[in-house]
Amino acid sequence: MDKQDVRAQALSHRAARSDAARSEAAEAIAAHLLAEPVVARARRVAAYLSLPTEPGTGPLLDALADRGTEVLLPLSRPDRTLDWVVHEPGAPLLPSTLGVPQPSGEPVGPDALASCDVVLVPALAADVHGRRLGRGAGYYDRALAGLDVPLCALVFTDELLDAVPAEPHDVPVNLVATPDGVHRVLS
């Protein structure tokens with residue numbers, strides 16, 4: 001299957017998931033990530049605000065804030081790159097041109113990612129070798145290129161596959177978090 005086929009299948013399955021299943025997945029992923037050593041000892045984490053059909057990040061963001069972990073959230077820029085904003089729980093969110101909720105704080109710059117202990121990234125699917133399939137706009141591949149910090153994709157259990165189509169510019173992840181646990185990728 002090519003990228004478009006895997007994307008279409010993942011989006012279809014996500015749309016069919018119940019709210020209860022999404023909520024359970026969000027809680028389970030948060031519990032697994034909070035116990036994962038790289039996240040447990042992190043002082044600064046880059047994460048994202050999940051879309052309604054994605055594995056939810058709300059419980060994780062709340063728990064990280066409760067721990068005193070600084071969280072950076074993405075802000076899409078007109079040039080198709082990402083900037084980052086320090087997450088302030090309860091701060092108003094702004095709509096983006098892509099329909100993704102964005103933080104309303106002051107941007108800290110694209111280079112802030114390098115100061116993170118781990119970067120959590122959205123994905124429609126990931127595989128056991130760390131290949132991650134996003135929505136196709138390339139925002140994250142551009143932001144993650146050359147970054148030397150652990151990267152973790154968040155997906156539903158059935159979206160962790162044996163193989164995901166990839167191209168040379170696709171940045172692989174080191175970990176994949178699912179409701180079943182955090183999986184280290186195969187070399």
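All heavy atoms count here, side chains included; hydrogens, waters and symmetry mates do not.
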Answer yes or no: is there a side-chain heavy-atom contact under 4.5 Å between Leu34 and Leu64? yes
Is the shortest heavy-atom distance from the side chain of Arg131 to the side chain of Asp170 under 4.5 Å? no
Validation: residues 154-168 side-chain donor-acceptor distances under 3.5 Å, sequence neighbours left out:
{"residue": "Thr157", "atom": "OG1", "partner": "Asp180", "partner atom": "OD2", "Å": "3.4"}
{"residue": "Asp158", "atom": "OD1", "partner": "Arg17", "partner atom": "NH2", "Å": "2.8"}
{"residue": "Asp158", "atom": "OD2", "partner": "Arg17", "partner atom": "NH2", "Å": "3.4"}
{"residue": "Glu159", "atom": "OE1", "partner": "Arg14", "partner atom": "NE", "Å": "3.4"}
{"residue": "Glu159", "atom": "OE1", "partner": "Arg14", "partner atom": "NH2", "Å": "2.8"}
{"residue": "Glu159", "atom": "OE1", "partner": "Phe156", "partner atom": "N", "Å": "3.0"}
{"residue": "Glu159", "atom": "OE2", "partner": "Arg14", "partner atom": "NE", "Å": "2.8"}
{"residue": "Glu167", "atom": "OE2", "partner": "Lys3", "partner atom": "NZ", "Å": "3.1"}

Sequence neighbours excluded - side chain to side chain donor-acceptor pair (under 3.5 Å) pairs with any residue from residues 20-37: Asp19-Arg22, Glu36-Arg184
Enumerate the residue pairs fulfilling side chain to side chain donor-acceptor pair (under 3.5 Å) with a member in residues 59-71, sequence neighbours excluded, ordered by first and then second residue. Arg44-Glu70
Transitive ILVMFWY cluster of Leu94 at side-chain heavy atoms under 4.5 Å: who else is in it? none
Is the closest side-chain heavy-atom distance between Trp84 and Pro107 below 4.5 Å? no
Closest non-hydrogen atom pair, Asp127 against Val185: O-CG1, 4.3 Å
Is any side-chain heavy atom of Val71 closer than 4.5 Å to a side-chain heavy atom of Leu61? yes
Sorted by first residue and then second, give each side chain to side chain donor-acceptor pair (under 3.5 Å) pair with at least one member in residues 139-156; sequence neighbours left out. none
Side chain to side chain, Leu113 and Asp111, heavy atoms closer than 4.5 Å: no
Any side-chain heavy-atom pair from Val128 and His183 closer than 4.5 angstrom? no
Audit row: Asn174, Cys152, side-chain contact (heavy atoms from CB on, under 4.5 Å) steps and yes/no: CA-CA 6 Å; Asn174 311 94; Cys152 180; over 6 Å; no
Can you tell me how far the OG1 atom of Thr53 sits from the CG atom of Leu11, to the nearest 0.5 Å? 7.0 Å
Can Val45 and Leu60 be said to form a side-chain contact (heavy atoms from CB on, under 4.5 Å), step by step? CA-CA 11 Å; Val45 172; Leu60 178 62; over 6 Å; no
Distance (rounded to the nearest 0.5 Å) between Leu120 CG and Ser50 OG: 11.5 Å
CG (Leu33) and OG1 (Thr57) are apart, to the nearest 0.5 Å, by 11.0 Å
Arg77 side, atom CZ; Asp83 side, atom CG - distance, nearest 0.5 Å: 5.0 Å
The remaining residues in the hydrophobic cluster of Val85, counting side-chain heavy-atom contacts under 4.5 Å among Ile, Leu, Val, Met, Phe, Trp and Tyr, are Leu75
